[in-house]
There are 2 protein chains.
Amino acid sequence: MARVLIVEDEEALGLLLRYNLESEGYEVEVCPRGDDADTRLRESVPDLLILDWMLPGLSGIELCRRLRTRPETERLPIIMLTARGEESERIRGLSTGADDYVVKPFSTAELMARVRAMLRRARPELVSTLLKAGDLELDRETKRCRRSGREVHLGPTEFRLLEFLMQSPGRVFSREQLLDGVWGMDVYVDERTVDVHVGRLRKAINRARERDPIRTVRGSGYAFDDRFATGA
Amino acid sequence: MARVLIVEDEEALGLLLRYNLESEGYEVEVCPRGDDADTRLRESVPDLLILDWMLPGLSGIELCRRLRTRPETERLPIIMLTARGEESERIRGLSTGADDYVVKPFSTAELMARVRAMLRRARPELVSTLLKAGDLELDRETKRCRRSGREVHLGPTEFRLLEFLMQSPGRVFSREQLLDGVWGMDVYVDERTVDVHVGRLRKAINRARERDPIRTVRGSGYAFDDRFATGA
DNA sequence: ATCGAAACGTCAAATTGATGACGGTTCAAC
DNA sequence: GTTGAACCGTCATCAATTTGACGTTTCGAT
């Protein structure tokens, strides 16, 4: 699968991103310094680069500029991370050669979506757009959901929630994890709200006598039923 | 549909071009070496050749010259890719026999347009100048739009917007992506402007009880309805 | 049967998209 | 050079959808 290099000096953020990307199946490396990243990139070129704006050793913007002058990395997809504030920076970032630009703080879900979108353009053979399980289908590209053929309308949050759960069938997520992964890492929302959205999601995708793909794990959280696909 | 051979040693660029061309319906092959390309071209001749200037094995310029001496490839349309810099090279390139000449880095949209233009001249029967979906027709050459026969007038921006959406039916584009793809990568325009133009576009192409081919995806952006063609 | 957790219905608030109006610009015809 | 039409981008306003919080009811494990 696709290889991603993260250049980020904030250790916690680097780990978080690594964790999320790996759980989506990417092969990830993290590098905390700009100059070291430069060296590493001369040895091997990943499929995508996530680059912090401010870095020790060599700034993200400078590294980006350098990469664009070398033929091996001229077209390397780059996502730039930067602190909130300067909208003007966006122009600078893009004109420096970054392909996309994400403002901190961001939800991991959003970054994952951008990573996927970017890879779809550059390396379409490496990413799948369709999530399937049993008679349930989720198309990330068209943002459509189908249950045994019929079109099901989901609100944005419900869509992201189902997408998130389906990405790791069987795995149980606490409400807190769901809030982090689906809503964003820094939102202040009541944990009960997760229940409400799970309820809405269920109402939307389940008809009369259909099996519920979402499993409630009392005391822990929710999971996408891994036995759902087989109908066991 | 038309067959295109890309001779390009930079793998990422080759993939990018292949992807873009394939998504426009061309049949594509990529070959990283000049000498291998020569061999391959003796076996079968594509409808168009995209040729990098600098290549391992046999340079693009030399390959180009050779092709022009052989009767089967004498008239083969060739687009030459070259690094920024030497304007004098341009002369050499054209006098060597290339039909067009694109300077790296270039926007993929530009290259696609050139490919289309070139093929239209050489093999007009192979290029669909026409985008069709259901009763909607978009003619790129004459810049005309028809809805179930009747002529519909679209402003330039509306035309490009519809063209852009129709090129990837079903796929949802964020306002940002639309601004990048339709307006240009470096324009400073409010995202709401997209809404306004979508509105104008809708008003222009939809009559009384006609189905709207443009789908609004709340929270995400807009898409050309992939189920529009079939009328489902 | 009991107790805590989860589901559900309701409601007010916040987002987000649609639309009509307006001022400015470009461009072609005169 | 002037004039007028076409087109564009922004804004204010309106309408629809979505969202999050509560209070109550139901459910499930012990």
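Sequence lines set the chain letters: A, B, ... in the order given, protein chains first and strands last, and positions in each chain run from 1. Just so it is clear, the structure is predicted and the values come from calculations on it, not from any experiment.
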Stepwise salt bridge (Lys or Arg N to Asp or Glu O under 4.0 Å) check, B:Arg160 with B:Glu163: CA-CA 5 Å; B:Arg160 284 201 313 275; B:Glu163 180 187 4; over 6 Å; no

Inter-axis angle, terminal five-pair segments of the helix from C:dA1-D:dT30 to C:dC30-D:dG1 [nearest 10°]: 40°

Set of residues satisfying side-chain hydrogen bond (donor to acceptor under 3.5 Å, both in side chains) with respect to A:Glu176, sequence neighbours excluded: none

By side-chain contact (heavy atoms from CB on, under 4.5 Å) - contacts of A:Asp180 (at least two apart): none

A:Val187: side-chain contact (heavy atoms from CB on, under 4.5 Å) partners, not counting sequence neighbours: A:Trp183, A:Val189

All side-chain hydrogen bond (donor to acceptor under 3.5 Å, both in side chains) counterparts of A:Arg175, not counting sequence neighbours: A:Asp195, A:Tyr222

For nucleotides 7-14 of chain C, list the nitrogen or oxygen atoms of the protein found under 3.5 Å from its nitrogen or oxygen atoms, one pair per line.
residue, atom, partner, partner atom, Å
C:dA7, OP1, A:Arg202, NH1, 2.7
C:dA7, OP1, A:Thr216, OG1, 2.7
C:dA7, OP2, A:Tyr222, OH, 2.5

Non-neighbouring partners of A:Ala117 that pass side-chain contact (heavy atoms from CB on, under 4.5 Å), sequence neighbours left out: none

Under the salt bridge (Lys or Arg N to Asp or Glu O under 4.0 Å) test, residues paired with B:Arg207 that sit two or more places apart: none

Residue met sooner reading DNA chain D from 5', once A:Thr193 and B:Arg160 are mapped to nucleotides: B:Arg160

Non-neighbouring partners of A:Pro32 that pass side-chain contact (heavy atoms from CB on, under 4.5 Å), sequence neighbours left out: none

Distance below 4.0 Å between A:Trp183 side-chain N/O and D:dT19 OP1 or OP2: no

Interatomic distance, B:Leu201 CG vs C:dG17 C1' [rounded to whole Å]: 16 Å

Short side-chain donor-acceptor distance under 3.5 Å, B:Arg202 and B:Thr216: yes

Residues that B:Phe159 engages under ring pair (Phe, Tyr, Trp, His ring centres under 6.0 Å), provided they are two or more places apart: none

Just the table, please: protein N/O against nucleotides 16-18 of chain D N/O, every pair under 3.5 Å.
residue, atom, partner, partner atom, Å
D:dA16, N3, B:Arg218, NH2, 3.4
D:dT18, OP1, A:His153, NE2, 2.7

Protein-nucleotide distance (A:Leu178, atom CG; D:dG20, atom C1'), rounded to Å: 16 Å

Distance, rounded to the nearest Å, where B:Phe159 contributes CZ and D:dC8 contributes C1': 18 Å

Test ring pair (Phe, Tyr, Trp, His ring centres under 6.0 Å) applied to A:Tyr19 - qualifying residues, sequence neighbours left out: none

